[in-house]
Amino acid sequence: MNLYYTHLDINYDSELLIKESKIAAYKPFESGNQNGNFWDYAPTWMQGRVNDFSNFPEVERLTKFIAHKINSNDVRPRFYKQEANTELPMHRDQNTKCCVNIVLSEKAAPIIWEDIGNVSYDCALLNITQSHAVPAFPEERLLLKFSIFDVEYEEAIRRWTTPIIKNSVSVNN
């Protein structure tokens with residue numbers, strides 16, 4: 001098992017997700033802390049939370065699919081925009097146990113894991129409790145992140161790769 005990321009082959013409609021991303025109301029990421037670091041207030045890392053699925057049918061479908069696949073009760077979808085020529089410094093996500101990311105930009109910077117280096121992906125389950133960063137890139141990076149708050153990365157992989165077997169019970173008399 002890869003301790004950092006697992007590429008996923010999920011069926012999704014990129015065009016519809018990009019269209020839905022344009023509806024989201026974006027705000028600069030704020031950690032809620034005042035530690036004097038990038039994450040206190042990050043105006044180049046814009047977050048668009050999806051709290052109401054009314055105008056986000058593809059996000060809703062994927063949220064339900066991911067939650068079912070890993071048996072999670074707490075999957076929260078968010079769009080993120082990283083401005084062109086800006087970086088996300090090395091960090092570990094707080095409170096989020098793991099996530100599924102879908103990169104919606106045609107060209108985007110890779111994620112850099114402190115221990116293993118650069119990794120490019122389109123869709124992956126990520127262990128964001130490991131130190132990672134995103135370097136500056138000449139184009140905006142758009143992604144849809146499904147933050148998972150109740151299932152650890154290793155358990156999420158196990159659940160993702162273990163088929164759900166439903167037993168049908170029949171009684172013969």
Side-chain angles (χ1 to χ4, degrees), residues 3-33 35 37-83 88-105 108-109 111 113 119 121-134 140-162 164:
L3 298 178
Y4 300 89
Y5 67 96
T6 301
H7 292 282
L8 299 177
D9 185 18
I10 297 177
N11 181 24
Y12 56 87
D13 184 333
S14 293
E15 288 182 25
L16 183 52
L17 289 174
I18 291 169
K19 200 179 281 187
E20 291 178 11
S21 78
K22 294 176 182 175
I23 299 168
Y26 291 87
K27 295 180 182 176
F29 179 87
E30 292 184 78
S31 68
N33 301 324
N35 297 327
N37 68 33
F38 175 88
W39 303 104
D40 291 349
Y41 179 76
T44 61
W45 181 233
M46 302 293 288
Q47 181 183 70
R49 292 179 183 241
V50 178
N51 298 319
D52 173 4
F53 290 119
S54 300
N55 295 313
F56 300 92
E58 185 68 345
V59 173
E60 179 180 29
R61 183 185 72 77
L62 290 168
T63 303
K64 288 178 178 177
F65 172 77
I66 291 165
H68 175 76
K69 192 82 173 156
I70 63 167
N71 193 24
S72 171
N73 293 311
D74 198 356
V75 176
R76 302 178 202 171
R78 299 163 177 159
F79 287 101
Y80 284 93
K81 291 181 185 179
Q82 179 180 347
E83 287 184 12
L88 300 179
M90 197 61 67
H91 67 286
R92 296 172 191 254
D93 288 26
Q94 300 298 308
N95 303 317
T96 307
K97 306 239 184 234
C98 64
C99 67
V100 171
N101 278 8
I102 298 173
V103 177
L104 295 170
S105 302
I111 189 169
W113 299 102
V119 173
Y121 67 91
D122 293 321
C123 179
L125 178 63
L126 305 175
N127 184 355
I128 40 62
T129 66
Q130 298 290 332
S131 289
H132 61 284
V134 180
E140 178 184 83
R141 178 173 169 251
L142 174 65
L143 69 89
L144 175 56
K145 176 179 182 176
F146 297 89
S147 296
I148 300 163
F149 289 88
D150 61 347
V151 181
E152 302 279 344
Y153 173 76
E154 293 83 2
E155 182 63 15
I157 289 176
R158 189 186 70 72
R159 293 177 184 183
W160 194 279
T161 57
T162 304
I164 298 170

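Quick note: residue numbers are just sequence positions, from 1. All of these numbers come straight from a predicted model, not from anything done at the bench.
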> Would a distance-only check, ignoring hydrogens and angles, find a side-chain to backbone donor-acceptor pair under 3.5 Å from Tyr153 to Tyr5?
Replying inline: yes
>> Could you tell me if the side chain of Trp113 sits less than 4.5 Å from the side chain of Leu3, heavy atoms only?
In response: no
>> Show the nearest heavy-atom pair for residues Pro43 and Pro28, with the distance to one decimal.
In response: CA-CB, 3.6 Å
>> What's the separation between atom SG in Cys98 and atom CG in Leu126, rounded to the nearest 0.5 Å?
In response: 8.5 Å
> Hey, what do you get for OG1 (Thr129) to OH (Tyr4), rounding to the nearest 0.5 Å?
Replying inline: 9.5 Å
>> Would the distance check show the side chain of Asp74 and the main-chain N or O of Phe149 forming a donor-acceptor pair, the cut-off being under 3.5 Å?
In response: no
> Is the shortest side-chain N to carboxylate O distance from Lys64 to Glu60 below 4.0 Å?
Replying inline: yes
>> Is a donor from one side chain sitting under 3.5 angstrom from an acceptor on the other, for Asp93 and His132?
In response: yes
>> Within the 4.5 Å heavy-atom criterion, are Leu104 and Leu143 side-chain neighbours or not?
In response: no
>> To the closest 0.5 Å, what do you measure between CZ (Phe79) and NZ (Lys22)?
In response: 11.0 Å
> With distance as the sole test, does Arg78 use its side chain to make a donor-acceptor pair with the main-chain N or O of Arg49 at under 3.5 Å?
Replying inline: no
> Glu58 side chain to Asp13 main-chain N or O, any donor-acceptor pair under 3.5 Å?
Replying inline: yes
>> As an exercise, state the distance from CG of Leu88 to OG1 of Thr44, rounded to the nearest 0.5 Å.
In response: 6.5 Å
> Salt bridge or not for Arg159 and Glu155, using N-O below 4.0 Å?
Replying inline: yes
>> More than 12 heavy atoms of other residues, nucleotides or ligands under 6.0 Å from CD of Gln94: yes or no?
In response: no
>> Working note: Glu154 + Asn127, criterion side chain to side chain contact (heavy atoms under 4.5 Å, CB included); need CA distance, chi angles, decisive distance, verdict.
In response: CA-CA 8 Å; Glu154 293 83 2; Asn127 184 355; 4.1 Å; yes
> Closest heavy-atom contact between Ile148 and Thr96?
Replying inline: O-CG2, 3.6 Å
>> Any heavy-atom pair between the side chains of Pro77 and Phe146 that's under 4.5 Å?
In response: yes
> If you look at every heavy atom in Asn71 and Val151, which pair is closest and at what distance?
Replying inline: O-CG2, 4.2 Å
> Can you tell me how far CD1 of Ile66 sits from NE2 of His68, rounded to the nearest 0.5 angstrom?
Replying inline: 12.5 Å
> Any side-chain donor paired with an acceptor under 3.5 Å for Ser131 and Arg92?
Replying inline: yes
>> Between Ser105 (side chain only) and Leu142 (backbone N and O only), is there a donor and an acceptor less than 3.5 Å apart?
In response: yes
> Taking all atoms of both residues into account, what is the closest heavy-atom pair of Ile10 and Tyr12, and its distance?
Replying inline: O-CD2, 3.1 Å
>> I need the minimum non-hydrogen distance between Ile23 and Phe56, along with the two atoms involved.
In response: CG2-CZ, 3.9 Å
>> Measuring only between side-chain heavy atoms, which start at C-beta, is Leu62 closer than 4.5 Å to Leu17?
In response: yes
> Can you find a pair of side-chain heavy atoms, one from Trp45 and one from Arg141, that are under 4.5 Å apart?
Replying inline: yes
>> Is there a side-chain contact between His7 and Cys123 in this structure, where contact means two heavy atoms from C-beta onward sitting under 4.5 Å apart?
In response: no
> Any idea which heavy atoms bring Lys145 and Asn101 closest together, and the distance?
Replying inline: CG-OD1, 3.1 Å
> Can you name the residues that form a side chain to side chain contact (heavy atoms under 4.5 Å, CB included) with Asn33, not counting sequence neighbours?
Replying inline: Ser31, Asn35, Asp40
>> Within this structure, what is the CD-CD1 distance for the pair Glu152 and Ile70, rounded to the nearest 0.5 Å?
In response: 11.0 Å
>> Has Tyr26 got a side-chain atom pairing as donor or acceptor with Ser21's backbone, closer than 3.5 angstrom?
In response: yes
